[in-house]
Amino acid sequence: MTIGIVSYGAYVPRYRIKIEEIARLWGDDAKALKNGLMVYEKSVPDVDEDAATIAVEAARNAMARSGVLPSRIGAVYTGSESHPYAVKPTSTIVAQAIGATPEMTAADFEFACKAGTAALQVCMGLVGSGMIDLGLAIGADVSQGAPGDALEYTAAAGGVACLIGRNESELAAIIEDTYSFTTDTPDFWRREGMPYPEHGGRFTGEPGYFRHVTNGAKGLLEKLGTTPSDYDYGVFHQPNGKFPRKAAKMLGFTKEQIAPGLVVPKIGNTYSGSCLMGIAATLDQAKPGDRIFATAFGSGAGSDAFSIRVTDRIEEIRNRAPTVSELIKNPVYIDYARYARHKGKIRLA
Amino acid sequence: MSSVPRFWRNIGVRYNLEGTRCKECEEYFYPPRNVCVNCRRMGELEPYKFKGTGEIVSYTLIHTAAKGFEDQAPYTLAIIKLDEGPCLTSQVIGDIDKIQIGTRVKSVFRKLGEDGERGMIYYGTKFVPLDP
Amino acid sequence: MPGIKARSDWPENGVDIMRDVAIIGVKNTKFGELWECSLRDIVVEAGIGAIQDSSVSGKDIDALYIGNMSGGRFIDQEHIGALIADYSGLSRNLHVPATRVEAACASGGLALRQAIMSVASGYSDIVVAAGAEKMTDVGSDEASSALAAAADREWEGMAGATFPGLYAMIARLHMHRYGTTSEQLAEVAVKNHRNGCLNPIAQYKHAITVDDVLNSIMVADPLHIFDCSPITDGASALVLAPAEIARKYSDTPIYIKAIAQASDTIALHDRRDITTLDASVVAAKRAYSMAKLAPEDIDLVEVHDCFTIAEICAIEDLGFAEKGKGGVVTENGETAIGGRIPVNTSGGLKACGHPVGATGIKQAVEIVTQLRGDAGKRQVEGAEYGMTHNVGGSGATAVIHILSRER
C-alpha cells in the first residue's frame, strides 16, 4: 500500500514584527537574541485572523493545488494549540469552507507543536486502511507568548494543510514510512482557561526537544535502514533557528540539506504549522525522486518522523497555489502596539 | 448579532459565496434570492457558487465602528461588484492606500465578528486586493 | 426612467384622489437631548399642540397615525400606537383607533401618507398624524445599532456597515464620478446650521464654517462628524381634515397636492446606481405628476439630509439640480434662504435634529409654517408650493408630499 501527499497548501499572515521591536519594549539585547535564537522577525495574524481562518486558507490552497473534488475527503483533522474554541471543532469550519461536508468525519488535535503531524499520521492510517479515500491534515496556530516572556520573540502564526491519499497516480510525494517517539515530559504546557503557556526554560531543550527529535529520527532511520546521506533534504521542528540546526548536526544532516525548509528566521515558530511549513517549503523546490526526511516535535513530549519521496507529479501541481516563499514575501512590518492589538493583548471592554 | 441559527442557516453563503442564478434571465444573485427580481414567479433559480473575484465600486474607511466591530476599527468597508454581476458589501483587508474605486479584489476567509468572549465566533468572506 | 412600472389608475397618474385633504393644525416639540422627557411626554405635547392649533377637539378625532422607527430598541417599548392614544386621552373614553407606521427614518412621512389616505378615502374626517422618537434613553452605541437595523442587517450589518459608512460610499462615488468636493459637502452643513439658528425648535442653533466641518473627526471617510445628522429626541404632529371643511377649523389650511412613495432594494449594493436614490427619483416623478407641477414650481423643499451627501443627492434626484451638480448648486448658494430653491429652511435633519420617526412629520410642519407665512426670520417670501422628502434607510423607501397654500 502506497500512501502519500496528494497536495499541500500553506498560509502565513502578512504582518511581521521584528525582534528589535519586541526587545525595544522590554529592554532586551536584540542582537544577542537574534544570535541566540537565529530568528529575526515573526509573523503576526491580522485582527480578524485566528487558527481557524489560517487553517481554511491553507486548506483552500491545498485544494486549489490538488484539483480533486472536496467531496472525496473522508476526514478533516486540524492540529493546533490555539483552536478558537475550547469546545467546538476548528475542523468543521475548515471542512465546510472547502465544501467537504457532510459525508466525512472531523476532529481537532492538540499535541503542542506536533498536532499537525499527529493529524497527518491519523489520516495515513485511515487512508491506508481503506476507511477513507482522502484525508486532510492541517497544522495551524496563532501561538501565544506572554508579554515579556522569551516565547514572545518566536511565537508566530501560520498553517499548512496536507491532503493524504493512496492513488499512486495522484501522489505528489510518497510517505515511505513514519515513526514516533513519545514520553511524558512536561517541558511546556498551557492550563485550561489560561491565555499564555508556561515552559521549563532550558528544560525544554535537552530532555524535551533534543531527546525526542533525535530518538524519533534515529528510530525511523533504523527502521528503514537509511542514513542522512540517503536524503536530499532534512526538516526538523523549528521553534527557533538554533534547535533544528543543532539537531541536524547531531544526526548527521548537513546545513545544505536543511536550508530549504528552514523558514523560522523569517516567520518565527508557527507551532503546529512549523514542521509542516518546512516540508511545504521543501516540496516547493524539490525535484521528482528527491527524498525528504522530516521530524516534528511536540512538547509534552513526542516526535513524529517521516521519510518522504517526491514523485513526478510535484511539477504539475506546484504552481497551482502560492509557494511558501511567495506567501512570506512583501511582509508588512508593525510596531509592538499594533502587534499587541492584533494579538488581543489589548482588550476592549 | 447574537443569533446562532440566523448565522448558521447562511454558513454556506458566507463561507463559500453560494448564491443563485436565474435560468430564465441569467442574472446572478448574491446573497441568494428565492424570487428573481426580473422574472419573479416565471423565473427559475439554481444554486451558483461565485468565483470570488471582482472589483471595488466604492469604499470607505470606517472610524466609528458598528457595534461588535470596535476591535477591528478602523476598517475598510466596500461595495464589491463580483465578476458574475451582483454587488455585495464587505470589508476589504489591507492598506487603505492600496484601495481605490476599480481595484480588483479576491475573497478570503476571515472572522466577521464575535459575540463577546463567551459567544459564538462568526466567520465568513472578506476581500483583499488581488495585487496587494 | 428606470424602474417605473406605474399602474395607470394610480392617483399619481392623474386619477383624482377621492377627496382633497388639508392640514389644519401643526406642532413641533423642541428637538434635542430632552433628558427630562419620555416618548409619551413629547408626543402628547406635539399632539395637543397641533389640536390646539387647529381648534378641533378630542372627540372630533377619527384616527391617529404615528410614525415611530424603533420604540423597541430605543425605549424597549412596542405597541406605540396604543400608548400614544392612551396618553393623549383618546383611549379610555373615546377609543380612537391608533396605528403605528414604520419605515425606518421615513416612518413619519409614511404616517402622514397613511393619514392623508384615510381622510381622502372618506373613511375618516379628522385625523392626527404624528411622529416621534426618543433616542437618548440609550447610549449612542445602542442608538447607532438600532439605526443600523434600517439597512440590511444580514448582508450589510454583518459586514460591519454603519449608516455613515453606507452614505460615505455614496459620497465617495459621487466625488469620484462628478468631482463633488468635501468642501461642497460641508457647505450643506454650514447652510443648514445657518437655517437652524433661525428655528426656535432646532437642536443646533449655532453657525459653523466649512473649516469646522473639515476639521471635525472623521466618522467614515469622507464623512466627518459634522456631515452627519445628530441623535435627537423630538415629536411632531399635524391635524388633517377634508379640504371642504378645513376652514371650519383653521384660517390658514394648507392643502395636500401630492402624496407619493416608492421603494428600492433594502441593501445599497443592490441598487442600479448608488449615487442616485431611484426611490426618490420615482417618488418625485409620481408626485409632480399628481400635483401637475414641475420642480420649477416648487418654492421650498425639506429634504432628507441625514448626511450632507444625502442632501446633494436629494436635490439632484428631485430635479432641483442637474445630476452631479448638487455640490456646485449648494456652493453657489442656490439652496439657501433667498436662493433659487431654499432647501431645509428648518435646519434640516443636520441642524434641526433627526428624531427618526418624527422627521417626516416635522418636514411637513415646516412647510405648513412657511406656506402660512409664519416662519419668521427664515420665511421664504411668497411661498406657494412646498415639498417634503423623507427617506428610509439608505434609500429603500422614499416618501414625498407636495403642499400648497391654495386648494
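Naming: A, B, ... by sequence-line order, numbering from 1 per chain.
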Q) Taking B:Q91 for the side chain and C:A159 for the main chain, is one N or O donor matched with an acceptor at less than 3.5 Å? A) yes
Q.
Which one wins on heavy-atom pair count under 4.5 Å against chain B: C:S145, C:G160, C:A168?
A. C:G160
(Q) Does any backbone or side-chain atom of B:Y75 lie under 4.5 Å from a heavy atom of chain C? Answer side chain, backbone, both or neither. (A) side chain
Q.
Rounded to the nearest 0.5 Å, what separates atom CZ in C:R172 from atom CD in B:Q100?
A. 10.0 Å
Q. Do any of residues 176-189 of chain C come closer than 4.5 Å to chain B, heavy atom to heavy atom, and if so which ones, in number order?
A. C:H176
Q.
Minimum heavy-atom separation for B:R14 and C:E154, please, with both atom names.
A. NH2-O, 2.8 Å
**Q.** Spacing of CD1 belonging to B:I56 relative to CG belonging to C:L173, to within rounding of 0.5 Å
**A.** 12.0 Å
(Q) Report which part of B:R110 has an atom under 4.5 Å of a heavy atom belonging to chain C: side chain, backbone, both, or neither. (A) neither
Q: Measure C:A161 against the heavy atoms of chain B and call it side chain, backbone, both or neither at under 4.5 Å.
A: both
Q: Could you tell me which residues in residues 219-228 of chain C have at least one non-hydrogen atom under 4.5 Å from a non-hydrogen atom of chain B, sorted by residue number?
A: C:V219, C:A220, C:D221
Q: Mind checking the NE2-OH spacing from C:H269 to B:Y30? Nearest 0.5 Å is all I need.
A: 9.0 Å
Q: With rounding to the nearest 0.5 Å, note down the distance linking OG1 in B:T89 to CG in C:D270.
A: 8.0 Å
Q: Answer yes or no: does atom NZ of B:K111 have more than 12 heavy-atom neighbours from other residues, nucleotides or ligands under 6.0 Å?
A: yes
Q. Near B:E117 CD, under 6.0 Å, is it more than 12 heavy atoms from other residues, nucleotides or ligands?
A. no
Q: Among the options B:I62, B:L112, B:I101, B:T64, pick out the one with the most heavy-atom pairs lying under 4.5 Å from chain C.
A: B:I101
**Q.** Residues that C:S263 engages under side chain to side chain contact (heavy atoms under 4.5 Å, CB included), provided they are two or more places apart
**A.** none
Q) Taking atom CG of B:D95 as the centre, does the number of heavy atoms from other residues, nucleotides or ligands within less than 6.0 Å exceed 12? A) yes
Q) Between CH2 of C:W155 and CG of B:N10, what distance do you get to the nearest 0.5 Å? A) 4.0 Å
**Q.** Interatomic spacing from OG1 in C:T162 to CG in B:L77 - rounded to 0.5 Å
**A.** 7.5 Å
**Q.** B:V37 portion near chain C, given a 4.5 angstrom heavy-atom threshold
**A.** neither
**Q.** Donor-acceptor pair, side chain of B:S58 and main chain of C:M169, under 3.5 angstrom
**A.** yes
Can I get a per-line list of side-chain donor-acceptor pairs under 3.5 Å for residues 47-55 of chain B, giving both atom names and the distance, sequence neighbours left out?
unit_1 : atom_1 : unit_2 : atom_2 : d
B:Y48  : OH     : B:E84  : OE2    : 2.7
B:T53  : OG1    : B:D83  : OD2    : 2.6

